[in-house]
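Notes follow the structure.
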Amino acid sequence: MPELPEVETVRIGLASLLPGRIIKDVWHDWPKSFPNSPSDVARFLLRAKITHVRRRGKVLIIELSSGYSLVIHLKMTGQLVFVGKAAEPRAKSSKTGAGEKFGGGHPSDSLLRNLPDKSTRAVIDFTDGSKLFFNDQRKFGWMRLLPTSQIPEIDFFKKIGPEPLDDDFTVQEFIDVLKTRKNSAIKAVLLDQSVLAGVGNIYADESLFAAKIHPSSPVNTISPTKLVKLYNELRAILKLAIEKGGSTDRNYVDAKGKKGSYLNFAKVFRQQGQPCPRCGTRIIKIRVAGRGTHLCPRCQKAPKGLK
DNA sequence: CACTTGACCTGTCCGC
DNA sequence: TGCGGACAGGTCAAGT
């Protein structure tokens, strides 16, 4: 599921593939996937050149020379897959068909399939013949054109909390933002995008396990020592996940169609019934904040008022 | 006002 | 094998 590390992995891929390309045509199947009017599309998207690819929380921002940006949320099953030749054909070692198809040399876990397919919601054609596919099985994701200069002023972006991996995001700031929700379960707070940007179910469970905090614990019952631990573990886990190309449960792939391997390193997520890597107790799955939640009942003691 | 639950969707898996 | 239903989870609207 695209959380911060997955979206960042897509961003890194797109940032290496898209800038400089010029949009020739756009197709989309579903108004909700891409609700801009045809006239706005014609004025601000067609013939525009891509200048930058940015990320804020779980949202991708593809900046265009028209002064507009294509803003994209992948939600749970969204993919942005680029098909075409990579910009610099420096390494000329392509011998496999897959390498050619996905723009230059891919490991065997590439998304080897033909696009578009039935999950394809939108296709952007570039003047050089390459294409960007927006696939979304469950149709929760969206993309829309917004004036670049106004993006920071839009409600959706104004509400997003600090980026946990920013260099100047301190442990004190982390504790301060958590304390704005002192009576809520810590997991619900971590998932709240207005408190902290980019954390979703996988990394909430993993970081709470690493810090030995029960996900149902109200924030104000957690010791400062443990909150510091949580800050450090969360950042380390997010960074490691980006290194591993994110987590692929079933759908997620990066801009080149490649799956992420972080779930191979997950200690509790989807590990119910398996022994805890620290103490051997069986990992359990419960519901917290309306989400499937994985934890070690021994390492992560429930707060007194039960779960 | 703080907090929780349901709706949005489709594909998959599980039990009968 | 087929079928119904629970489940998956990011976010917002609606509920308590």
Side-chain angles (χ1 to χ4, degrees), chain A residues 1-10 28-35 55-60 71-80 111 113 116-122 134-144 154-161 163-164 177-208 215-221 238 241 246-253 259-260 262-263 266 268-273 284-295 303 305-307:
Chain A
M1 310 302 132
E3 305 180 25
L4 187 153
E6 291 74 34
V7 180
E8 177 64 11
T9 301
V10 172
H28 64 95
D29 76 326
W30 212 49
K32 220 172 143 183
S33 294
F34 190 12
R55 177 187 62 79
R56 177 78 173 97
K58 299 173 187 171
V59 179
L60 280 165
V71 178
I72 303 171
H73 200 310
L74 300 174
K75 289 290 181 85
M76 282 170 302
T77 55
Q79 306 174 332
L80 282 173
L111 179 80
R113 70 181 200 209
D117 64 19
K118 64 180 174 179
S119 76
T120 300
R121 306 267 88 88
F134 175 42
N135 305 317
D136 184 16
Q137 184 178 97
R138 289 173 67 180
K139 299 185 177 179
F140 285 5
W142 47 260
M143 57 196 296
R144 59 201 53 174
I154 291 166
D155 251 17
F156 179 88
F157 284 91
K158 276 205 288 199
K159 283 191 303 194
I160 301 180
E163 290 286 333
V177 295
L178 292 188
K179 292 240 164 115
T180 63
R181 300 278 307 277
K182 55 190 165 67
N183 294 315
S184 292
I186 179 67
K187 176 162 177 178
V189 179
L190 289 177
L191 293 177
D192 187 335
Q193 300 301 294
S194 70
V195 173
L196 202 59
V199 180
N201 211 35
I202 296 171
Y203 303 106
D205 281 5
E206 290 297 315
S207 60
L208 289 168
S216 299
S217 309
V219 170
N220 63 1
T221 66
L238 292 174
S247 295
T248 294
D249 177 22
R250 44 170 71 93
N251 279 281
Y252 167 75
V253 295
K259 297 178 175 183
Y262 181 79
L263 281 191
V268 291
F269 190 81
R270 294 266 202 284
Q271 298 299 309
Q272 60 269 31
I284 60 170
K285 183 176 179 183
I286 63 174
R287 268 191 115 67
V288 177
R291 306 297 221 306
T293 297
H294 312 76
L295 66 121
L306 216 62
K307 55 183 171 144

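Each chain gets a letter, A, B and so on, in the order the sequences are listed, and its residues count up from 1.
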### Query
Side chain of A:Ala188: nearest nucleotide among B:dT4, B:dC9, C:dT11?
B:dT4
Specify the separation, in whole Å, of atom [atom1] of [X] and atom [atom2] of [N].
X	N	atom1	atom2	value
A:Arg56	C:dT11	CZ	P	12 Å
A:Asp117	B:dT10	CG	P	14 Å
A:Arg181	B:dC1	CZ	P	15 Å
A:Asp192	C:dA13	CG	P	14 Å
A:Arg144	C:dC12	CZ	P	10 Å
A:Lys182	B:dC1	NZ	C1'	12 Å
A:Arg121	B:dG11	CZ	C1'	12 Å
A:Gln137	B:dC8	CD	P	18 Å

### Message
As an exercise, state the distance from CG of A:Leu191 to OG of A:Ser184, rounded to the nearest 0.5 Å.
### Response
11.0 Å
### Query
About how many Å separate NZ of A:Lys182 and OG1 of A:Thr221, when rounded to the nearest 0.5 Å?
12.0 Å
### Message
A:Val7 vs A:Leu60, test: side-chain contact (heavy atoms from CB on, under 4.5 Å). Steps then yes/no.
### Response
CA-CA 7 Å; A:Val7 180; A:Leu60 280 165; 3.7 Å; yes
### Evaluation steps, side-chain contact (heavy atoms from CB on, under 4.5 Å), between A:Lys187 and A:Asp205
CA-CA 8 Å; A:Lys187 176 162 177 178; A:Asp205 281 5; 2.6 Å; yes
### Query
Should stems be defined as at least three consecutive Watson-Crick or G-U pairs with both distances under 3.5 angstrom, which of them involve DNA chain C?
B:2-8 with C:10-16, B:10-16 with C:2-8
### Ring geometry between A:His73 and A:Phe156 (parallel below 30°, tilted from 30 to 60°, perpendicular above 60°)
perpendicular
### Query
Which part of the nucleic acid does A:Asp136 contact within heavy-atom distance under 4.0 Å: base, sugar-phosphate only, or nothing?
nothing
### Message
What contact category does A:Lys118 fall into here, base, sugar-phosphate, or nothing, at under 4.0 angstrom with non-hydrogen atoms?
### Response
sugar-phosphate
### Derivation of the side-chain contact (heavy atoms from CB on, under 4.5 Å) call for A:Asn201 and A:Phe269
CA-CA 9 Å; A:Asn201 211 35; A:Phe269 190 81; 3.9 Å; yes
### side-chain contact (heavy atoms from CB on, under 4.5 Å) assessment of A:Leu208 paired with A:Leu190
CA-CA 10 Å; A:Leu208 289 168; A:Leu190 289 177; 3.9 Å; yes
### Message
Give me the distance, rounded to whole Å, that separates C:dG9 from B:dC3 when you measure between the P atoms they each carry.
### Response
23 Å
### Task
Sticking with atom P, work out how far C:dA14 lies from B:dC9, rounded to a whole angstrom.
15 Å
#### Entry: A:Phe134 to A:Met143 - nearest heavy-atom pair and separation
CD2-SD, 3.3 Å
### Query
Is it true that the side chains of A:Tyr252 and A:Glu3 contain a donor and an acceptor less than 3.5 Å apart?
no
Restricting to nitrogen or oxygen on both sides, can you table the protein-nucleotides 8-10 of chain C pairs closer than 3.5 Å?
{"from": "C:dA8", "atom 1": "OP1", "to": "A:Lys285", "atom 2": "NZ", "distance (Å)": "2.0"}
{"from": "C:dA8", "atom 1": "OP2", "to": "A:Arg287", "atom 2": "NH1", "distance (Å)": "2.9"}
{"from": "C:dA8", "atom 1": "N1", "to": "A:Arg138", "atom 2": "NH2", "distance (Å)": "3.3"}
{"from": "C:dA8", "atom 1": "N3", "to": "A:Arg138", "atom 2": "NH1", "distance (Å)": "2.9"}
{"from": "C:dG9", "atom 1": "OP1", "to": "A:Asn201", "atom 2": "ND2", "distance (Å)": "3.2"}
{"from": "C:dG9", "atom 1": "OP1", "to": "A:Arg270", "atom 2": "NH1", "distance (Å)": "3.2"}
{"from": "C:dG9", "atom 1": "N1", "to": "A:Arg138", "atom 2": "NH2", "distance (Å)": "2.1"}
{"from": "C:dG9", "atom 1": "N2", "to": "A:Arg138", "atom 2": "NE", "distance (Å)": "3.1"}
{"from": "C:dG9", "atom 1": "N2", "to": "A:Arg138", "atom 2": "NH1", "distance (Å)": "3.0"}
{"from": "C:dG9", "atom 1": "N2", "to": "A:Arg138", "atom 2": "NH2", "distance (Å)": "2.1"}
{"from": "C:dG9", "atom 1": "N3", "to": "A:Arg138", "atom 2": "NH2", "distance (Å)": "3.3"}
{"from": "C:dG10", "atom 1": "OP2", "to": "A:Asn201", "atom 2": "N", "distance (Å)": "3.2"}
{"from": "C:dG10", "atom 1": "O3'", "to": "A:His73", "atom 2": "NE2", "distance (Å)": "3.4"}

